Every structure is written in structure tokens, then in C-alpha cells.
**Q** 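Dumping the structure here so I can ask a few things about it.
As the structure is a computational prediction, the values presented were derived from the model and not from experiment. In this chain, residues are counted from 1 in sequence order. Only heavy atoms go into these numbers, but all of them, side chains included; no hydrogens, no water, no symmetry mates.
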Amino acid sequence: MASTAETNLKPGDKRAWLIVVGLGFLMGAGLQTILAGAGNFIPAICMELQCDPGQLTLWITMYAVFMAISQPVVGRVWPKVSTKLITTVSFLVSIVAMALMGTYNEVWQFWVSGAIIGLSGGFYFMVAGPYLITNWFAKKTGLALGVMGIIGSILGAILSPVDAAIVAAVGWRSAYFIVAIISCVLALPFTLFVFVYDPAKLGMRPVGWEPGMEDITAGAADASGVPEKKALATVVFWLLFLIGGIFALYGGYQNLWGFAVEEWGFDSMFTSTMISVTILFGLVGPIIGIIIDKIGPWKTSFCVMAIQLIASAGLLFFHSNQALILVLVFFFAFQGAIVGTLMPLLTRDAFGARDYTKLFSYMQIGIGLIGGFSAPVVSFFYTSYGTFDAPLYFAIAIAAICIVFLAIALVCMGPMKKKLWVEAAPKDDVVPAAE
């Protein structure tokens with residue numbers, strides 16, 4: 001971002017934090033409502049349409065596949081198109097696709113909506129936060145991502161019982177339209193009036209920016225970093241790609257805790273308590289963000305992976321006490337910090353701002369495609385061995401493999417930067433970033 005070198009830009013702190021709040025609302029009204037809130041509708045739909053839940057929920061798999069398909073386009077479009085336009089249109093398409101589910105009478109129609117939600121949601125679900133926050137924050141990036149996450153989680157936790165109450169009051173068909181309207185009221189004011197891609201477009205500089213700092217606007221032609229084509233051929237890129245996807249496999253455990261609880265000898269109510277504890281993990285997002293800002297994304301990632309390994313081993317060997325299980329399940333949820341907060345920062349730190357939007361969109365392909373099959377993979381281990389010990393051994397293996405991959409990536413990053421890093425282009429070559 002050439003203009004950030006100009007010291008006459010005014011601080012953009014207030015606008016930056018307003019964008020963080022808006023991103024939290026966009027996450028809660030979009031991602032949380034459409035995906036996490038789907039469970040409020042599934043039982044009623046299956047009862048009326050006389051279909052199998054596994055068959056119906058294939059729409060979520062369709063979402064994951066088509067979200068991955070959208071990513072190569074997403075990374076190229078974001079720096080060139082108005083942020084207000086791209087977030088508003090993609091949000092509305094995904095919400096309309098969800099609302100139309102209230103009119104369906106065949107299971108395959110839900111699959112079509114899932115594909116549309118994947119294609120449109122791919123433009124904002126997981127990328128809007130990292131793209132905007134890394135542009136608007138030269139410092140406190142981790143904290144901002146954590147605050148965004150906690151706002152989205154709290155909003156999702158509030159909306160879920162509201163959605164359930166609406167379904168109970170008016171039926172699932174009408175509820176889809178009511179929920180869609182609520183989501184629009186929450187998100188559209190921010191997408192239409194608050195989001196701007198480049199702080200310099202408003203005559204502002206990022207939070208914490210100081211003269212002499214490296215350019216930070218993602219996708220700007222004058223930014224320094226590793227070019228896309230060269231980055232895609234590096235060991236560092238593919239290791240981070242695999243880490244994101246493999247670690248996303250932890251997401252499949254939450255929906256299967258009921259099998260573990262039954263095996264451990266506790267009642268079904270304890271399962272819901274475990275899920276609630278998992279959701280509460282979102283409250284520590286800002287704390288993780290502060291840690292990232294203090295020690296950096298690489299050291300934080302090692303710590304998170306180690307905690308994930310210890311929590312997995314603890315659940316495997318020490319599951320006779322309910323209180324201890326709840327503590328371990330809370331720390332087991334640390335996987336969300338890797339996928340949601342650390343992956344974008346690791347990618348940015350490794351490859352710089354130059355082609356960050358493109359490279360992070362590729363990372364999302366791994367997270368979507370591999371992580372999208374997390375529940376079937378975890379279920380496979382459980383059904384194949386007839387005990388939940390097998391998925392927990394697999395959980396230990398996931399953390400161990402990712403720690404090794406991360407260590408290799410860190411070792412390789414220095415030589416890669418020395419060989420492939422390209423410094424900022426002359427101002428004459430600059431392509432203006434989108435608003």
C-alpha cells in the first residue's frame with residue numbers, strides 16, 4: 001500500500017474496530033446462522049419429508065465442496081472489487097439460498113442450496129475477517145481476529161435458541177424466511193456502509209502503523225512478498241495447506257461426543273453440556289489473540305497444537321470424571337484457533353502481503369475439502385473399531401503430525417524468503433486496491 005507511507009494519513013482505529021464488530025455480526029448472521037443453526041431445522045424437515053438425516057445433511061457436504069471450488073476466484077476478486085459490493089451480494093445470495101429451503105419438497109433441492117451457499121459463502125464466510133483485519137491492523141491483529149470470533153460466537157449462541165423458538169412457533173418452512181430477514185437486519189448495515197478494503201481509501205492508516213513499517217495491504221501490486229506462482233511450488237505452502245486441512249478434522253468430534261459419553265457411562269444430558277463447553281471456548285478468542293500479538297503466530301501455533309495433543313490424550317486415558325472431561329473438552333476446542341485465527345496469520349507471515357488473498361484462498365480449499373469430511377472420518381474410526389478410543393488415538397496423531405509439519409515449515413521459511421521474496425514494486429506499477 002503505497003499511501004500508507006505517507007505520514008499525513010489519520011489514525012483509523014475507530015473505523016477499524018467498527019469493522020471488527022461488523023465482521024462479528026456478519027459471521028453470526030451468516031456462517032453461524034446457516035451452518036451452525038442448521039440443526040434447529042433438520043429434525044422437523046426429516047419428519048415432514050420422511051427422509052434420512054444423513055441424506056439431508058449432504059447439503060453441508062455440498063457446501064464444503066463448492067466453497068473449496070470458489071476459492072481460487074475469491075482470492076483474485078477481493079482486491080479488485082468493492083468490498084461493500086462483494087460482501088453484500090455474496091451474503092444475500094447465501095441467505096436467499098437458505099431461505100428457499102423453506103419451499104423445498106425434495107431432498108436434492110437442499111443439495112442445490114448447499115452448493116449455492118458454498119459458492120457464495122466462500123466469498124465471505126472464512127475470508128472476509130482475515131482479509132479486512134490484516135489490512136486494518138498493523139498491530140493487534142490477533143486480538144482483532146479474536147474479538148471478531150467472540151462476537152460471532154456470542155451472536156450465534158443467542159440466535160440458535162431464537163431460531164429454535166421460531167421453528168417451534170411457526171414451523172420450519174416459515175421459520176427459514178423469518179430467520180433470513182433477521183440475518184439481513186444484523187449484517188447488511190455493516191456490509192453496505194462500514195466495510196472498506198484499504199484504509200488509505202478513507203485517508204486512514206491501520207491500527208498501530210508507524211513510519212517505516214512494511215506495506216500491509218493484501219493483494220496490492222506494490223506490496224512485498226512471495227509471488228503466487230513461486231509460493232505454490234514451495235514446501236512451506238504445502239505444509240501449511242496440509243496443516244489447515246488436517247487440523248480441521250477436529251471439527252468432526254463435536255457432533256459425535258454422544259457416542260463417547262455413552263461408552264464412558266454418562267447420560268445424554270452430559271453430551272449437551274460438553275457441546276456447551278465447546279461453544280464457550282469462543283470466549284477465550286481475544287486472549288489467544290493477545291498471545292499471538294505477543295509471541296507471534298508460529299510459537300502460538302506450537303502451543304495450541306501441544307494443548308490439543310494433551311487434551312486428546314487426557315480424554316483417552318482419563319475419562320472417568322465428569323468435571324475433568326469438561327475441562328479437557330474445553331481445551332480440545334483449541335482446534336478452532338488454528339483454523340480460524342492462526343492459519344491466516346501464518347500464511348501472511350510466511351508469504352507477505354503481495355499475493356496473500358490468493359494464497360490464503362488456496363489454504364481454504366484444504367480446510368474446506370479435508371475438514372468438510374471430518375465427521376465421516378471420525379465416525380469411520382469409531383465404527384471400524386467399536387470404541388471411541390480409536391478416534392481419540394487419531395486425534396493424538398493429528399496434533400503430532402501437525403506439530404512435525406509446522407516445525408519443518410518454520411525451518412524452511414527462512415531460506416524460502418531469502419530466495420523468493422520480492423520487494424515492493426515501483427509506484428508506477430501500482431494497481432489501486434478496491435474499496
**Q** Taking C-beta and beyond as the side chain, do Val226 and Phe237 meet within less than 4.5 Å on heavy atoms?
**A** no
**Q** How many angstroms lie between atom CZ of Phe91 and atom OG of Ser120, to the nearest 0.5 angstrom?
**A** 10.5 Å
**Q** Looking just at side-chain N and O atoms, do Thr191 and Thr87 make a donor-acceptor pair shorter than 3.5 Å?
**A** no
**Q** Between atom OG1 of Thr134 and atom CG of Asp349, what is the distance when rounded to the nearest 0.5 Å?
**A** 12.0 Å
**Q** For Tyr104 and Ser113, test the side chains for any donor-to-acceptor distance below 3.5 angstrom and give the result as yes or no.
**A** yes
**Q** Is a side-chain donor or acceptor of Asp355 paired with a backbone partner of Lys358 at a separation under 3.5 angstrom?
**A** no
**Q** When you measure from the side chain of Gln50 to the backbone of Met47, do you find a donor-acceptor pair of N or O atoms at a distance under 3.5 Å?
**A** yes
**Q** Do NZ/NE/NH1/NH2 and the carboxylate oxygens of Glu228 and Arg76 come within less than 4.0 Å?
**A** yes
**Q** Does any non-hydrogen side-chain atom of Val81 lie less than 4.5 Å from one of Tyr197?
**A** no
**Q** Which word best sums up how the rings of Trp172 and Phe110 line up, parallel for under 30°, tilted for 30 to 60°, or perpendicular for over 60°?
**A** tilted
**Q** Applying the ring-ring contact (aromatic ring centres under 6.0 Å, His included) test to Trp78, which of Phe123, Tyr124, Tyr131 qualifies?
**A** Tyr131
**Q** Taking the side chain as everything from C-beta on, heavy atoms only, tell me whether Ile292 gets closer than 4.5 Å to Thr341.
**A** yes
**Q** Find out whether Asp389 and His319 are in side-chain contact, i.e. whether some heavy atom of one side chain is under 4.5 Å from a heavy atom of the other.
**A** yes
**Q** With a 6.0 Å cut-off on ring centres, are Tyr382 and Phe259 close enough?
**A** yes
**Q** I'd like to know if the side chain of Glu263 reaches the main chain of Thr387, judged simply by a donor and an acceptor atom lying under 3.5 Å from each other, with no hydrogens or angles considered.
**A** no
**Q** Could you tell me whether the side chain of Thr234 reaches within less than 4.5 Å of the side chain of Cys412, counting heavy atoms only?
**A** no
**Q** Given 3.5 Å as the limit, does a donor-acceptor pair link the side chain of Ser361 with the main chain of Gln71, or not?
**A** yes
**Q** Is there side-chain contact between Ile151 and Met27, with heavy atoms separated by less than 4.5 Å?
**A** no
**Q** Quick one: does any side-chain atom of Tyr250 pair with a main-chain N or O of Phe332 as donor and acceptor, under 3.5 Å?
**A** no
**Q** In terms of the angle between their ring planes, are Trp257 and Trp264 parallel, tilted or perpendicular, with boundaries placed at 30° and 60°?
**A** tilted
**Q** Once rounded to the nearest 0.5 Å, what's the spacing between atom CG of Leu315 and atom CZ of Phe317?
**A** 11.0 Å
**Q** Counting only N and O atoms by type, is there a donor-acceptor contact under 3.5 Å from the side chain of Arg205 to the main-chain atoms of Trp136?
**A** no
**Q** Establish, yes or no, whether a centroid distance under 6.0 Å links the rings of Trp17 and Phe137.
**A** yes
**Q** Tell me, with the steps shown, if Phe330 and Val284 meet side-chain contact (heavy atoms from CB on, under 4.5 Å).
**A** CA-CA 10 Å; Phe330 178 82; Val284 304; 3.6 Å; yes
**Q** Can any side-chain N or O of Thr33 pair as donor or acceptor with the backbone N or O of Ser183 at less than 3.5 Å?
**A** no
**Q** Is it true that, when you exclude Glu262 itself, more than 12 heavy atoms of the residues, nucleotides or ligands shown sit nearer than 6.0 Å to its CD?
**A** no
**Q** One pair to check against side-chain contact (heavy atoms from CB on, under 4.5 Å): Trp59 and Val112. What are the steps and the verdict?
**A** CA-CA 7 Å; Trp59 78 260; Val112 173; over 6 Å; no
**Q** With no hydrogens and no angle check, is any side-chain donor or acceptor of Arg354 less than 3.5 Å from a backbone partner on Ala223?
**A** yes
**Q** Please say whether more than 12 non-hydrogen atoms of neighbouring residues, nucleotides or ligands are located less than 6.0 Å from CZ in Phe380.
**A** no
**Q** Between Ser160 (side chain only) and Gly156 (backbone N and O only), is there a donor and an acceptor less than 3.5 Å apart?
**A** no
**Q** Test side-chain contact (heavy atoms from CB on, under 4.5 Å) on Phe266 and Ile325; report intermediate values, then the result.
**A** CA-CA 11 Å; Phe266 304 113; Ile325 289 174; 3.5 Å; yes
**Q** Treating Asn135 as the side-chain partner and Asp198 as the backbone partner, does any N or O pair qualify as donor plus acceptor under 3.5 Å?
**A** no
**Q** Apply side-chain contact (heavy atoms from CB on, under 4.5 Å) to residues Met305 and Ile338 and explain how you reach the verdict.
**A** CA-CA 8 Å; Met305 290 176 181; Ile338 292 288; 4.1 Å; yes
